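Each remark here refers to the structure printed beneath this line.
We use all heavy atoms of the structure for the numbers below, so side chains are in, but hydrogens, waters and symmetry mates are not. All figures in this text were calculated on a predicted structure; none of them were measured in a lab.
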Amino acid sequence: MKFEYYNPSEENGGCVVRSLSKALDKDYEIVKEELLNYAKTLNFNSYNEVEVFEKYILDNHFNKLESVNKEIKDLKLNNGTYIIFCNKDDFYHMVTIINNVLYDKSEVAFDMNAINIYTKYKEEK
């Protein structure tokens with residue numbers, strides 16, 4: 001797996017929006033606004049709550065795979081688009097992997113443990 005720098009905003013705590021903007025090929029600010037609307041609709045104060053971002057992910061044509069407990073660098077993923085919710089110690093993070101390239105603002109995520117993996121499915125026409 002390779003790494004490619006991706007950081008469309010210097011906003012602190014923006015990994016959820018950053019990852020989703022890359023996975024969905026959408027503008028960072030549009031994704032942020034959509035997530036804020038989800039949080040409001042679901043009665044949460046933040047889009048960083050699992051219930052909020054997970055609903056958003058699933059509503060945007062992703063399936064949740066079985067939870068794993070492996071470091072990201074040890075995942076064996078097929079080509080495709082994946083959103084990985086991960087952690088290391090008490091730090092939680094989200095990254096996108098597309099065709100075995102990890103997109104994030106640093107390579108630190110390679111050593112993080114995958115909690116949930118979401119994979120994009122193709123829409124039927």
Side-chain angles (χ1 to χ4, degrees):
M1 188 179 310
K2 295 189 235 172
F3 170 80
E4 188 169 316
Y5 179 84
Y6 178 74
N7 190 27
S9 172
E10 293 299 325
E11 181 176 27
N12 283 338
C15 68
V16 169
V17 180
R18 179 176 57 247
S19 296
L20 295 175
S21 72
K22 182 64 178 176
L24 299 172
D25 193 27
K26 283 185 170 182
D27 181 77
Y28 182 94
E29 293 300 325
I30 291 171
V31 172
K32 183 176 178 180
E33 185 64 34
E34 290 173 349
L35 282 165
L36 287 168
N37 288 333
Y38 268 69
K40 183 177 178 181
T41 300
L42 296 170
N43 294 314
F44 284 93
N45 292 327
S46 170
Y47 55 73
N48 284 326
E49 298 292 336
V50 174
E51 294 87 348
V52 176
F53 67 70
E54 185 165 273
K55 178 158 179 41
Y56 182 83
I57 290 168
L58 297 175
D59 285 353
N60 277 280
H61 311 292
F62 280 77
N63 289 320
K64 183 177 179 180
L65 300 179
E66 295 212 16
S67 297
V68 297
N69 189 19
K70 288 184 177 180
E71 289 185 349
I72 289 177
K73 66 185 173 195
D74 295 329
L75 294 175
K76 304 294 183 218
L77 302 172
N78 295 324
N79 279 340
T81 301
Y82 300 87
I83 299 166
I84 314 290
F85 179 50
C86 52
N87 77 322
K88 183 83 170 186
D89 301 320
D90 288 330
F91 178 72
Y92 290 84
H93 192 52
M94 186 177 284
V95 297
T96 295
I97 297 173
I98 301 173
N99 298 330
N100 287 302
V101 177
L102 186 145
Y103 293 89
D104 198 16
K105 65 181 186 176
S106 81
E107 297 182 51
V108 170
F110 280 122
D111 294 323
M112 298 185 87
N113 294 314
I115 298 170
N116 291 323
I117 300 174
Y118 307 88
T119 183
K120 188 165 184 70
Y121 63 85
K122 295 190 192 280
E123 296 179 68
E124 293 191 30
K125 300 197 179 199

Answer yes if [X] and [Y] sit in the same cluster of Ile, Leu, Val, Met, Phe, Trp and Tyr residues linked by side chain heavy atoms under 4.5 Å apart, and no otherwise.
X: F3; Y: L77; answer: yes
X: Y38; Y: Y47; answer: yes
X: I72; Y: V108; answer: no
X: Y92; Y: L102; answer: no
X: Y118; Y: I84; answer: no

Separation between [atom1] of [X] and [atom2] of [Y], rounded to the nearest 0.5 Å:
X: I115; Y: C86; atom1: CD1; atom2: SG; result: 7.0 Å
X: I98; Y: E4; atom1: CD1; atom2: CD; result: 9.0 Å
X: T119; Y: F62; atom1: OG1; atom2: CZ; result: 7.0 Å
X: H93; Y: N113; atom1: NE2; atom2: CG; result: 13.0 Å
X: K2; Y: Y103; atom1: NZ; atom2: OH; result: 9.0 Å
X: K26; Y: L20; atom1: NZ; atom2: CG; result: 9.5 Å

Looking at [Y], is its backbone amide N or carbonyl O close enough to the side chain of [X] to form a donor-acceptor pair, meaning the two atoms are under 3.5 Å apart?
X: N99; Y: G80; answer: yes
X: K88; Y: D111; answer: yes
X: S19; Y: M94; answer: yes

Is the number of heavy atoms from other residues, nucleotides or ligands under 6.0 Å of N79 CG greater than 12? yes
**Prompt:** Hey, is CG on D59 packed in by over 12 heavy atoms from elsewhere, all under 6.0 Å?
**Reply:** yes
Requested in this report: Evaluate the ring planes of Y121 and H61, with Trp represented by its six-membered ring, and classify them as parallel (under 30°), tilted (30 to 60°) or perpendicular (over 60°).
Outcome: perpendicular
Q | Stepwise salt bridge (charged side-chain N to carboxylate O under 4.0 Å, His left out) check, D104 with R18 | A | CA-CA 8 Å; D104 198 16; R18 179 176 57 247; 3.1 Å; yes
- K105 vs Y6 side-chain heavy atoms within contact, under 4.5 Å: no
ask   = Between K55 and T41, is any pair of side-chain heavy atoms under 4.5 Å apart?
value = no
Sequence neighbours excluded, the answer for side chain to side chain donor-acceptor pair (under 3.5 Å) partners of T81 is none
Does the gap between the ring centers of F85 and F53 come in under 6.0 Å? yes
